[in-house]
2 protein chains.
Amino acid sequence: MTNKFPQRSHCPINYALESFGDKWTLLIIRDLMFNDKQSYGDFLASGEKISTNILADRLKRLEELGIVTKGAQAPNRSKVAYSLTQKGRDLLPIMLEITRWSGKYDADTYASRSFLMRLEQDRDKLIAAIRAGW
Amino acid sequence: MTNKFPQRSHCPINYALESFGDKWTLLIIRDLMFNDKQSYGDFLASGEKISTNILADRLKRLEELGIVTKGAQAPNRSKVAYSLTQKGRDLLPIMLEITRWSGKYDADTYASRSFLMRLEQDRDKLIAAIRAGW
DNA sequence: ACATACACTTGCAAAATGCAAGTATCGTGC
DNA sequence: GCACGATACTTGCATTTTGCAAGTGTATGT
(Lines give C-alpha, C1' and ligand atoms only; values in the text may rest on other atoms or scores of the structure.)
Protein backbone atom coordinates (compact mmCIF):
# COMPACT_ATOMS: atom_id res chain seq x y z
CA MET A 1 0.00 0.00 0.00
CA THR A 2 1.29 3.40 -0.90
CA ASN A 3 1.69 5.93 1.82
CA LYS A 4 -1.09 8.42 2.30
CA PHE A 5 1.40 11.17 3.06
CA PRO A 6 4.23 10.94 0.52
CA GLN A 7 7.40 12.54 1.78
CA ARG A 8 9.79 14.67 -0.16
CA SER A 9 12.64 13.96 2.24
CA HIS A 10 13.40 13.15 5.85
CA CYS A 11 15.05 16.47 6.47
CA PRO A 12 13.72 17.57 9.87
CA ILE A 13 12.58 20.93 8.52
CA ASN A 14 10.77 19.19 5.71
CA TYR A 15 9.17 16.67 8.07
CA ALA A 16 7.73 19.56 10.06
CA LEU A 17 6.53 21.30 6.90
CA GLU A 18 4.75 18.19 5.76
CA SER A 19 3.11 17.93 9.17
CA PHE A 20 1.98 21.51 9.65
CA GLY A 21 3.43 23.56 6.79
CA ASP A 22 0.36 25.32 5.52
CA LYS A 23 -1.45 28.52 6.32
CA TRP A 24 -3.99 27.04 8.75
CA THR A 25 -2.78 24.09 10.77
CA LEU A 26 -0.72 26.02 13.31
CA LEU A 27 -3.66 28.29 14.02
CA ILE A 28 -5.65 25.28 15.19
CA ILE A 29 -2.74 24.16 17.32
CA ARG A 30 -2.44 27.69 18.72
CA ASP A 31 -6.11 27.68 19.69
CA LEU A 32 -5.77 24.33 21.40
CA MET A 33 -2.53 25.26 23.13
CA PHE A 34 -3.10 28.81 24.27
CA ASN A 35 -6.72 29.79 23.78
CA ASP A 36 -8.67 27.02 25.52
CA LYS A 37 -10.53 26.14 22.39
CA GLN A 38 -11.47 22.57 21.73
CA SER A 39 -14.49 22.33 19.47
CA TYR A 40 -15.01 22.68 15.76
CA GLY A 41 -17.14 25.74 16.37
CA ASP A 42 -14.47 27.30 18.58
CA PHE A 43 -11.88 27.02 15.82
CA LEU A 44 -14.28 28.44 13.27
CA ALA A 45 -14.80 31.47 15.45
CA SER A 46 -11.12 32.43 15.41
CA GLY A 47 -10.14 35.77 13.99
CA GLU A 48 -8.63 34.41 10.80
CA LYS A 49 -11.88 32.99 9.38
CA ILE A 50 -10.92 29.50 8.34
CA SER A 51 -13.51 27.93 6.08
CA THR A 52 -15.44 24.88 7.16
CA ASN A 53 -14.10 22.40 4.63
CA ILE A 54 -10.49 23.36 5.31
CA LEU A 55 -11.02 23.10 9.05
CA ALA A 56 -12.55 19.64 8.74
CA ASP A 57 -9.70 18.55 6.50
CA ARG A 58 -7.00 19.84 8.84
CA LEU A 59 -8.54 18.33 11.94
CA LYS A 60 -8.69 14.98 10.21
CA ARG A 61 -5.11 15.32 9.12
CA LEU A 62 -3.89 16.34 12.57
CA GLU A 63 -5.61 13.32 14.02
CA GLU A 64 -4.03 11.01 11.46
CA LEU A 65 -0.65 12.48 12.27
CA GLY A 66 -1.17 11.87 15.96
CA ILE A 67 -0.92 15.52 16.92
CA VAL A 68 -4.52 15.89 17.98
CA THR A 69 -7.11 13.49 19.40
CA LYS A 70 -10.82 13.67 19.08
CA GLY A 71 -13.04 12.57 21.91
CA ALA A 72 -16.39 13.34 23.42
CA GLN A 73 -15.14 14.55 26.77
CA ALA A 74 -18.25 14.22 28.89
CA PRO A 75 -20.08 11.01 28.00
CA ASN A 76 -23.56 12.40 27.39
CA ARG A 77 -22.44 15.49 25.57
CA SER A 78 -22.64 15.64 21.81
CA LYS A 79 -20.02 18.33 21.54
CA VAL A 80 -16.76 16.96 20.20
CA ALA A 81 -13.68 17.95 22.17
CA TYR A 82 -10.35 17.97 20.39
CA SER A 83 -7.13 18.05 22.37
CA LEU A 84 -3.40 17.88 21.83
CA THR A 85 -1.49 14.65 22.20
CA GLN A 86 2.02 14.58 23.62
CA LYS A 87 3.30 15.00 20.10
CA GLY A 88 1.16 18.08 19.82
CA ARG A 89 2.14 19.48 23.18
CA ASP A 90 5.77 19.04 22.20
CA LEU A 91 5.23 21.77 19.65
CA LEU A 92 5.22 24.28 22.50
CA PRO A 93 8.87 25.37 22.15
CA ILE A 94 8.34 25.95 18.45
CA MET A 95 5.23 27.99 19.12
CA LEU A 96 7.04 30.09 21.70
CA GLU A 97 10.02 30.77 19.46
CA ILE A 98 7.66 31.79 16.70
CA THR A 99 5.95 34.12 19.13
CA ARG A 100 9.27 35.61 20.10
CA TRP A 101 10.28 36.20 16.50
CA SER A 102 6.96 37.73 15.52
CA GLY A 103 6.94 39.80 18.69
CA LYS A 104 10.26 41.24 17.64
CA TYR A 105 9.39 41.97 14.02
CA ASP A 106 5.69 42.71 13.92
CA ALA A 107 5.25 46.21 15.23
CA ASP A 108 1.52 45.60 15.69
CA THR A 109 1.75 42.19 17.29
CA TYR A 110 -1.04 41.00 19.53
CA ALA A 111 1.45 39.31 21.84
CA SER A 112 1.49 41.14 25.14
CA ARG A 113 4.52 43.03 26.33
CA SER A 114 4.60 41.08 29.56
CA PHE A 115 4.44 37.70 27.85
CA LEU A 116 7.23 38.63 25.46
CA MET A 117 9.27 39.88 28.40
CA ARG A 118 8.87 36.61 30.26
CA LEU A 119 9.75 34.72 27.11
CA GLU A 120 12.86 36.78 26.60
CA GLN A 121 14.05 36.59 30.16
CA ASP A 122 13.25 33.07 31.22
CA ARG A 123 12.06 30.92 28.43
CA ASP A 124 12.73 27.65 30.22
CA LYS A 125 10.68 28.60 33.25
CA LEU A 126 7.85 29.77 31.04
CA ILE A 127 7.84 26.44 29.25
CA ALA A 128 7.88 24.59 32.55
CA ALA A 129 5.03 26.70 33.88
CA ILE A 130 2.86 26.04 30.84
CA ARG A 131 3.64 22.33 30.95
CA ALA A 132 2.75 22.22 34.62
CA GLY A 133 -0.74 23.28 33.63
CA TRP A 134 -1.22 20.20 31.40
CA MET B 1 -2.41 52.08 -1.81
CA THR B 2 -3.54 48.71 -0.60
CA ASN B 3 -1.08 46.50 1.12
CA LYS B 4 0.66 43.89 -0.96
CA PHE B 5 0.53 41.39 1.87
CA PRO B 6 -2.92 41.52 3.43
CA GLN B 7 -2.95 40.24 6.97
CA ARG B 8 -5.57 38.08 8.57
CA SER B 9 -4.55 39.13 12.06
CA HIS B 10 -1.59 40.27 14.12
CA CYS B 11 -1.51 37.11 16.14
CA PRO B 12 2.19 36.22 16.35
CA ILE B 13 1.58 32.72 15.05
CA ASN B 14 -0.35 34.11 12.15
CA TYR B 15 2.31 36.73 11.41
CA ALA B 16 4.85 33.95 11.10
CA LEU B 17 2.54 31.88 8.91
CA GLU B 18 2.05 34.80 6.58
CA SER B 19 5.81 35.25 6.40
CA PHE B 20 6.91 31.67 5.84
CA GLY B 21 3.85 29.46 6.25
CA ASP B 22 3.97 27.45 3.07
CA LYS B 23 5.57 24.24 1.97
CA TRP B 24 8.74 25.76 0.49
CA THR B 25 9.95 28.93 2.15
CA LEU B 26 11.55 27.33 5.19
CA LEU B 27 13.50 24.97 2.97
CA ILE B 28 15.21 27.94 1.35
CA ILE B 29 15.95 29.39 4.77
CA ARG B 30 17.29 26.02 5.88
CA ASP B 31 19.64 25.90 2.90
CA LEU B 32 20.90 29.40 3.61
CA MET B 33 21.25 28.77 7.33
CA PHE B 34 22.70 25.29 7.54
CA ASN B 35 23.73 24.10 4.12
CA ASP B 36 25.96 26.87 2.80
CA LYS B 37 23.79 27.40 -0.21
CA GLN B 38 23.37 30.85 -1.63
CA SER B 39 22.50 30.72 -5.29
CA TYR B 40 19.32 30.04 -7.19
CA GLY B 41 20.89 26.94 -8.64
CA ASP B 42 21.93 25.72 -5.19
CA PHE B 43 18.36 25.90 -3.93
CA LEU B 44 17.05 24.15 -7.01
CA ALA B 45 19.42 21.28 -6.38
CA SER B 46 17.98 20.53 -2.94
CA GLY B 47 16.46 17.15 -2.34
CA GLU B 48 12.86 18.33 -2.34
CA LYS B 49 12.79 19.45 -5.99
CA ILE B 50 11.27 22.89 -5.79
CA SER B 51 10.14 24.11 -9.17
CA THR B 52 11.74 27.13 -10.77
CA ASN B 53 8.76 29.46 -10.75
CA ILE B 54 7.99 28.79 -7.10
CA LEU B 55 11.61 29.31 -6.15
CA ALA B 56 11.76 32.64 -7.97
CA ASP B 57 8.52 33.71 -6.33
CA ARG B 58 9.62 32.77 -2.82
CA LEU B 59 13.00 34.44 -3.14
CA LYS B 60 11.31 37.61 -4.24
CA ARG B 61 8.90 37.40 -1.35
CA LEU B 62 11.63 36.73 1.21
CA GLU B 63 13.48 39.76 -0.06
CA GLU B 64 10.39 41.93 0.19
CA LEU B 65 9.86 40.71 3.74
CA GLY B 66 13.42 41.60 4.66
CA ILE B 67 14.39 38.06 5.56
CA VAL B 68 16.83 37.57 2.71
CA THR B 69 19.02 39.92 0.70
CA LYS B 70 20.20 39.50 -2.81
CA GLY B 71 23.64 40.67 -3.85
CA ALA B 72 26.37 39.78 -6.28
CA GLN B 73 29.03 38.91 -3.75
CA ALA B 74 32.17 39.20 -5.84
CA PRO B 75 31.89 42.27 -8.07
CA ASN B 76 32.71 40.76 -11.46
CA ARG B 77 30.83 37.55 -10.88
CA SER B 78 27.43 37.05 -12.45
CA LYS B 79 26.37 34.51 -9.91
CA VAL B 80 23.78 35.97 -7.54
CA ALA B 81 24.42 35.35 -3.86
CA TYR B 82 21.47 35.36 -1.50
CA SER B 83 22.00 35.64 2.22
CA LEU B 84 20.01 35.96 5.43
CA THR B 85 19.42 39.32 7.05
CA GLN B 86 19.31 39.71 10.83
CA LYS B 87 15.59 39.06 10.64
CA GLY B 88 16.35 35.85 8.80
CA ARG B 89 19.11 34.79 11.16
CA ASP B 90 16.75 35.35 14.05
CA LEU B 91 14.78 32.38 12.78
CA LEU B 92 17.53 30.12 14.10
CA PRO B 93 15.80 29.20 17.39
CA ILE B 94 12.64 28.29 15.48
CA MET B 95 14.62 26.15 13.07
CA LEU B 96 16.37 24.37 15.91
CA GLU B 97 13.16 23.68 17.82
CA ILE B 98 11.63 22.32 14.65
CA THR B 99 14.65 20.09 14.22
CA ARG B 100 14.31 18.87 17.77
CA TRP B 101 10.63 18.04 17.32
CA SER B 102 11.15 16.25 14.02
CA GLY B 103 14.17 14.47 15.41
CA LYS B 104 11.96 13.12 18.15
CA TYR B 105 9.01 12.05 16.01
CA ASP B 106 10.44 11.11 12.62
CA ALA B 107 11.99 7.70 13.02
CA ASP B 108 13.86 8.13 9.76
CA THR B 109 15.07 11.68 10.31
CA TYR B 110 18.18 12.89 8.54
CA ALA B 111 19.20 14.89 11.60
CA SER B 112 22.30 13.33 13.10
CA ARG B 113 22.27 11.71 16.49
CA SER B 114 25.11 13.92 17.67
CA PHE B 115 23.43 17.14 16.57
CA LEU B 116 20.18 16.18 18.26
CA MET B 117 22.12 15.29 21.38
CA ARG B 118 23.81 18.67 21.48
CA LEU B 119 20.48 20.34 20.89
CA GLU B 120 18.89 18.41 23.71
CA GLN B 121 21.68 18.95 26.17
CA ASP B 122 22.76 22.50 25.57
CA ARG B 123 20.56 24.36 23.23
CA ASP B 124 21.76 27.78 24.26
CA LYS B 125 25.40 26.97 23.67
CA LEU B 126 24.58 25.49 20.31
CA ILE B 127 22.77 28.66 19.32
CA ALA B 128 25.68 30.78 20.51
CA ALA B 129 28.13 28.63 18.60
CA ILE B 130 26.20 28.92 15.36
CA ARG B 131 25.79 32.66 15.82
CA ALA B 132 29.49 33.03 16.44
CA GLY B 133 30.04 31.67 12.95
CA TRP B 134 28.04 34.49 11.34
C1' DA C 1 31.75 34.99 -32.13
C1' DC C 2 30.06 31.04 -30.10
C1' DA C 3 28.91 27.91 -26.49
C1' DT C 4 27.74 27.36 -21.81
C1' DA C 5 26.09 28.40 -17.25
C1' DC C 6 23.02 30.63 -14.55
C1' DA C 7 18.74 32.97 -13.32
C1' DC C 8 14.84 33.44 -14.18
C1' DT C 9 9.66 33.69 -17.22
C1' DT C 10 5.91 31.84 -19.49
C1' DG C 11 1.96 28.77 -20.58
C1' DC C 12 -0.90 25.42 -19.36
C1' DA C 13 -2.76 21.41 -16.67
C1' DA C 14 -3.63 19.81 -11.99
C1' DA C 15 -4.43 20.51 -7.26
C1' DA C 16 -5.69 23.23 -3.26
C1' DT C 17 -8.52 26.85 -1.43
C1' DG C 18 -12.61 30.01 -0.51
C1' DC C 19 -17.36 30.53 -0.34
C1' DA C 20 -22.23 29.39 0.01
C1' DA C 21 -25.36 26.07 0.69
C1' DG C 22 -26.88 21.63 2.21
C1' DT C 23 -26.94 17.36 5.32
C1' DA C 24 -26.40 14.40 9.62
C1' DT C 25 -26.56 13.58 14.38
C1' DC C 26 -27.42 14.62 19.00
C1' DG C 27 -29.78 16.47 22.98
C1' DT C 28 -33.86 19.14 24.81
C1' DG C 29 -38.48 20.67 25.47
C1' DC C 30 -43.10 19.42 24.83
C1' DG D 1 -41.83 10.34 19.87
C1' DC D 2 -41.42 14.39 17.57
C1' DA D 3 -40.23 19.11 16.35
C1' DC D 4 -36.33 22.12 17.17
C1' DG D 5 -31.93 24.24 17.67
C1' DA D 6 -27.07 23.50 18.08
C1' DT D 7 -23.06 21.39 16.48
C1' DA D 8 -20.19 19.25 13.08
C1' DC D 9 -19.42 18.47 9.21
C1' DT D 10 -20.04 17.61 3.41
C1' DT D 11 -20.77 19.10 -1.21
C1' DG D 12 -20.42 21.88 -5.49
C1' DC D 13 -18.40 25.20 -7.91
C1' DA D 14 -15.50 29.41 -8.89
C1' DT D 15 -10.93 31.22 -7.94
C1' DT D 16 -6.20 30.82 -6.75
C1' DT D 17 -1.99 28.43 -6.24
C1' DT D 18 1.08 24.92 -7.63
C1' DG D 19 3.72 21.69 -10.67
C1' DC D 20 5.87 20.77 -14.89
C1' DA D 21 8.10 21.62 -19.31
C1' DA D 22 9.84 24.67 -22.20
C1' DG D 23 11.68 29.06 -23.42
C1' DT D 24 14.30 33.65 -22.74
C1' DG D 25 17.96 36.94 -21.27
C1' DT D 26 22.46 38.01 -19.74
C1' DA D 27 27.20 37.06 -18.41
C1' DT D 28 31.51 34.68 -18.62
C1' DG D 29 34.83 31.52 -20.64
C1' DT D 30 37.35 30.06 -24.95
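Residue numbering restarts at 1 for every chain, and letters A, B, ... go by the order of the sequence lines. If you're wondering where the values come from, they're calculated on a predicted model, not measured in any experiment.
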Visitor: Please figure out whether A:Ser39 or A:Arg8 has its closest DNA chain D nucleotide nearer the 5' end.
Guide: A:Ser39
Visitor: Between the base of D:dT10 and the side chain of A:Thr52, is one N or O donor paired with an acceptor at under 3.5 angstrom?
Guide: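 Such a pair is found, so the answer is yes.
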Visitor: Give a yes or no answer on whether the side chain of B:Thr25 reaches the backbone of B:Phe20 with a donor-acceptor pair at less than 3.5 Å.
Guide: no
Visitor: C:dG18 phosphate, OP1 or OP2: any side-chain N/O from A:Trp24 under 4.0 angstrom?
Guide: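 Yes, because at least one side-chain N or O of A:Trp24 sits under 4.0 Å from OP1 or OP2 of C:dG18.
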Visitor: Could you check whether any side-chain N or O of B:Asp106 sits under 3.5 Å from a backbone N or O of B:Asp108, counting only pairs where one atom can act as donor and the other as acceptor?
Guide: yes
Visitor: Is the phosphate of C:dC8, meaning OP1 or OP2, less than 4.0 Å from a side-chain N or O of B:Tyr82?
Guide: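 True: B:Tyr82 side-chain N/O within range (under 4.0 Å) of C:dC8 OP1/OP2.
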Visitor: Could you check how far CD1 of A:Ile50 sits from P of C:dT17, rounded to whole Å?
Guide: 10 Å
Visitor: Less than 4.0 Å between a side-chain N and a carboxylate O, is that true for A:Asp22 and A:Arg58?
Guide: yes
Visitor: I want to check one thing: is the phosphate of C:dC8, taken as OP1 and OP2, less than 4.0 Å away from some side-chain N or O of B:Lys70?
Guide: yes
Visitor: Taking only the side-chain heavy atoms of A:Ile54 (C-beta and beyond), determine which of D:dG19, C:dT17, D:dC9 contains the nearest atom.
Guide: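 Between D:dG19, C:dT17, D:dC9, the one nearest the side chain of A:Ile54 would be C:dT17.
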Visitor: Please compare A:Leu44 and B:Lys49 by the position of their nearest nucleotide in DNA chain D and report the one closer to 5'.
Guide: A:Leu44
Visitor: Identify which nucleotide among D:dA8, C:dC19, C:dC8 has an atom closest to any side-chain atom of A:Tyr40, counting heavy atoms from C-beta outward.
Guide: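 In terms of side-chain proximity for A:Tyr40, the closest of D:dA8, C:dC19, C:dC8 is D:dA8.
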Visitor: For a quick test of reading the model: is some side-chain N or O of B:Arg61 closer than 4.0 Å to OP1 or OP2 of D:dT17?
Guide: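 For B:Arg61, the contact criterion (side-chain N or O under 4.0 Å from OP1 or OP2 of D:dT17) is not met.
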Visitor: Give a yes or no on whether a salt bridge exists between B:Glu120 and B:Lys125, defined as a side-chain N under 4.0 angstrom from a carboxylate O.
Guide: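 Salt bridge absent between B:Glu120 and B:Lys125.
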Visitor: Which of these nucleotides, D:dC9, C:dT17, D:dG12, is closest to any side-chain atom of A:Asn53?
Guide: D:dG12
Visitor: If you check the A:Val80 side chain, which of C:dC8, D:dT18, D:dA8 turns out closest?
Guide: D:dA8
